[in-house]
Amino acid sequence: MAAHGTAERQGMTNSMLGFILFLASEVMFFGGLFAAYFIARADAPAWPPPLTPEQIAEGVHLELEVLLPAISTGILVLSSVTMQYAVWQIQKGNQGGMLWGLFISLALGIVFLAAQLYDYTQLHFRADDTIYGTTFYTLTGFHGAHVAGGALFIAVVTVRALGGQFTAENHEAVEASSMYWHFVDVVWIALFTVLYIIK
Amino acid sequence: MATVAVPQLSGYHRPAVLDWIMTVDHKRLGILYLYFTLFFFAVGGILALLVRTQLAVADNSFVGNDAYNQIFTMHASAMLFLFIIPVWAGFGNYLVPLQIGAADMAFPRINALSFWMLPPAGILMFAGFIVDGGAADGGWTAYSPLAQQTGVGMDMWIIAVIVLGMSSTIGAANFLVTMFRMRAPGMTMFRMPIFCWTMLVTALLQLLATPVLAAALVMLFIDRNYGGQFFDPNGGGNVVLWQNVFWFYSHPAVYIMILPGMGIVSEILPVFSRKPLFGYKAFVFATIGIGGLGFSVWAHHMFTTGSVLLPFFGFMTFMIGVPTGVKIFNWLGTLWGGSISFPTPMLFAIGFVSMFLIGGINGTYSAAVPVDFALHDTYFVVAHIHYVLFGGSVFAVFGGLYYWFPKIWGRQLNERLGKLHFVLMFVGFNVAFFPMHMLGLDGMPRRIAVYADSAGWEALNMLSTGGAFLIAVSMIPFLIAVVMAFMRPKDQPDDPWEANTLEWATTSPPPDYNFDSLPPVRSERPLFDARHSGEEQGH
């Protein structure tokens, strides 16, 4: 009798391949939002777009401070490094090192979210003023939601790690959460570049 | 052989209903998908009859303008999002693991999740009919600014479509992993049945295009509910942005809706022509080509907006006719010189090839930019989409149902009733949709509820309405055949059609674990090889 369907195949596991495909769909989701942003920017007579006199009288102004988000960017990039550190440690079988990596990544992720929320309170425009605000809050909001999701993922992985569930051979969830975290990191770098740097 | 007493297990047995609700078996989930989608085919069909009744005579007041807008919007939404797209997931769920010789999908529980996202979404979408302002009424394309101005039913529609999109996205990842990694020994990629290949390309399109639709719908939701300006020129937005992002999904989506149908036809034609599929690899590459080109033609829905690069999108749209034409040759080459028989599945498959050919030709015809300028938003486009999606996809759905009914339910559908069903549906379909070409060329715009008597469109509309009711009548023999089949015991052998692919190498219906043993897989027709290897040894 021929064995069916369950034959061992080389390379990554089914779950890992499934996860990568899921990330591909996430890339396309952000691709759609980015496309909207680029089209809005290409259409605008100037960027930031001009405001109506009423909006100016209400105190709306379309400016972004770069300093705090730049620090946040550094924090998120650093957390990607610590997350990769966690993966490398567990690949060597070092559970303690992995835990440190996970804790620090989680903490940095939460700091990033807190900084972004604080940054929101400092802005003098809203989502319903102009396309500028709409795209800004939609892009950063959906990115923030993904950071929160990623932090939750890392938290779950951390709890499992505390229970000693991962070994040098078996640590798929750590790798998946790290991949997800790198993904939100890369999306943020793209966002930071187009929203804050390119004038 | 010594007999061994098998200990009888006694104890708690789950009620059958719970068994179905909690199942993670790909076959049961496939059947659930089929029941769910055929239910919404009926619902969408009833809405279509309401549309046709309203349009049967000039100056009609059968349903009001507002109700009409809701009815045609929900007709298309049900047919596309709740019938055609998930019905392929139903066939795919049942067949892909069997055809590649696997015991189940790669992720059975995620598979169950994909299915169980559908019923809440369907209920949410249709609950629009009971809220203030009614169901979504901006057309299934939900163009801005119209989609900004309609009631809360539109928001329910948006959420429902996002949920349906999530279901098909995770389902797509599941199909891809299953086909990439769960194939039986010997089952190389180029020995996979064509239906699997079409599901694979469909899954890739779903995985990469559906999230863009989700992004578009999220933007529309933000515009409607939180004062967003994405599609509002007053705040610097762009109404055509919606069309770009929407069609970036929805054009690949038409291939999502047709490719698995092509796969089903490519399973049926070789079996009843007693020949292998002509040009297997050409067919595979044509499928991949359609998938790739499918991402570069979305703006042919937007020629008249004046904001797309006409020569590029016109040219690419002609280009996509090439791999489609290759497939027509594959099918004709398969029939050529074959020992052809005409049981019901074969009739539907040939119906598919001939009707889809018309749908392809009138589609390519509209790809010429000047022609499109004249035909845009007329009934010609309605004729085109129905020749592709009804003449194509729906014929393939019924072909697939008649073909795999013995496998899935262990019983045969009555041949005479099946042939009656086919003839009525084929005639009804052409009577319903062919006149729409003429109406479109005569300038009748789509989506209007009322036309004046002086327009001179009444005779053709009345004819079309008659055809629509004939299609509805054609469902009666089908339903009788189903009821008759279920009144009989399961008597079907493993392989009633003398078919080629692995799903026929197990009992009808298959056991939970699918296969006791698999024949060796040395070509894309392992069962043909198994049937004839014995004869060769005898020589």
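Proteins come first, then strands; the chains are lettered A, B, ... in the order of their sequence lines, and each starts at number 1. Not measured: the values here are computed from a predicted model.
Shortest non-hydrogen contact noted between B/Phe230 and A/Thr135 is CE2-CG2, 3.7 Å. The minimum heavy-atom distance between A/Asn14 and B/Phe107, with the atom names listed, is O-CZ, 3.2 Å.
The CG atom of B/Leu176 sits 12.5 Å away from the CD1 atom of A/Ile20 when rounded to the nearest 0.5 Å. Atom CE of A/Met12 is separated from atom CZ of B/Arg181 by 7.5 Å, given to the nearest 0.5 angstrom. Atoms CG and CG, from B/Asp223 and A/Asp128 in turn, are 10.5 Å apart once rounded to the nearest 0.5 Å. Rounding to the nearest 0.5 Å places CG of A/Leu21 at 13.5 Å from CZ of B/Phe175.
Ranked by heavy-atom pairs shorter than 4.5 Å toward chain B, the options A/Ala44, A/Gly18, A/Ala40, A/Pro50 are led by A/Gly18. Put simply, of B/Leu204, B/Val212, B/Leu208, the one with the most heavy-atom pairs under 4.5 Å next to chain A is B/Leu208. The greatest number of non-hydrogen atom pairs below 4.5 Å with chain A, out of B/Thr169, B/Ile222, B/Val245, is found for B/Ile222.
For A/Trp47, the CH2 atom counts as densely surrounded, since its 6.0 Å shell holds more than 12 non-hydrogen atoms of other residues, nucleotides or ligands. A 6.0 Å sphere centred on CZ of B/Phe190 holds more than 12 heavy atoms belonging to other residues, nucleotides or ligands. No more than 12 heavy atoms of other residues, nucleotides or ligands shown are found within 6.0 angstrom of CZ on A/Arg126. Within a 6.0 Å radius of CE in B/Met166, other residues, nucleotides and ligands contribute 12 heavy atoms or fewer. Annotation: A/Glu65, atom CD; neighbour count of heavy atoms from other residues, nucleotides and ligands within 6.0 Å does not exceed 12.
With a 4.5 Å cut-off on non-hydrogen atoms, A/Ala36 touches chain B through its backbone and its side chain both. Residue contact with chain B, scored on non-hydrogen atoms closer than 4.5 Å, involves the side chain of A/Phe142 exclusively. Contact annotation for A/Asp43: only side-chain heavy atoms (C-beta onward) come within less than 4.5 Å of a heavy atom of chain B. Contacts of B/Ala216 with chain A are absent, with no heavy-atom separation under 4.5 Å from either backbone or side chain. With a 4.5 angstrom heavy-atom cutoff, B/Leu207 touches chain A via backbone and side-chain atoms both. Only the side chain of A/Ile39 comes within less than 4.5 Å of a heavy atom of chain B; its backbone N, CA, C and O stay farther away. Interface remark: B/Phe248 contributes side-chain atoms only to the contact with chain A (heavy atom separation under 4.5 Å). With a 4.5 Å cut-off on non-hydrogen atoms, B/Val521 does not touch chain A at all.
Judged by distance alone, with hydrogens and angles left aside, the side-chain atoms of A/Thr134 form a donor-acceptor pair with the main-chain N or O of B/Gln229 at under 3.5 Å.
Looking at B/Met219 and A/Leu33, their side chains come closer than 4.5 Å, going by heavy atoms from C-beta outward.
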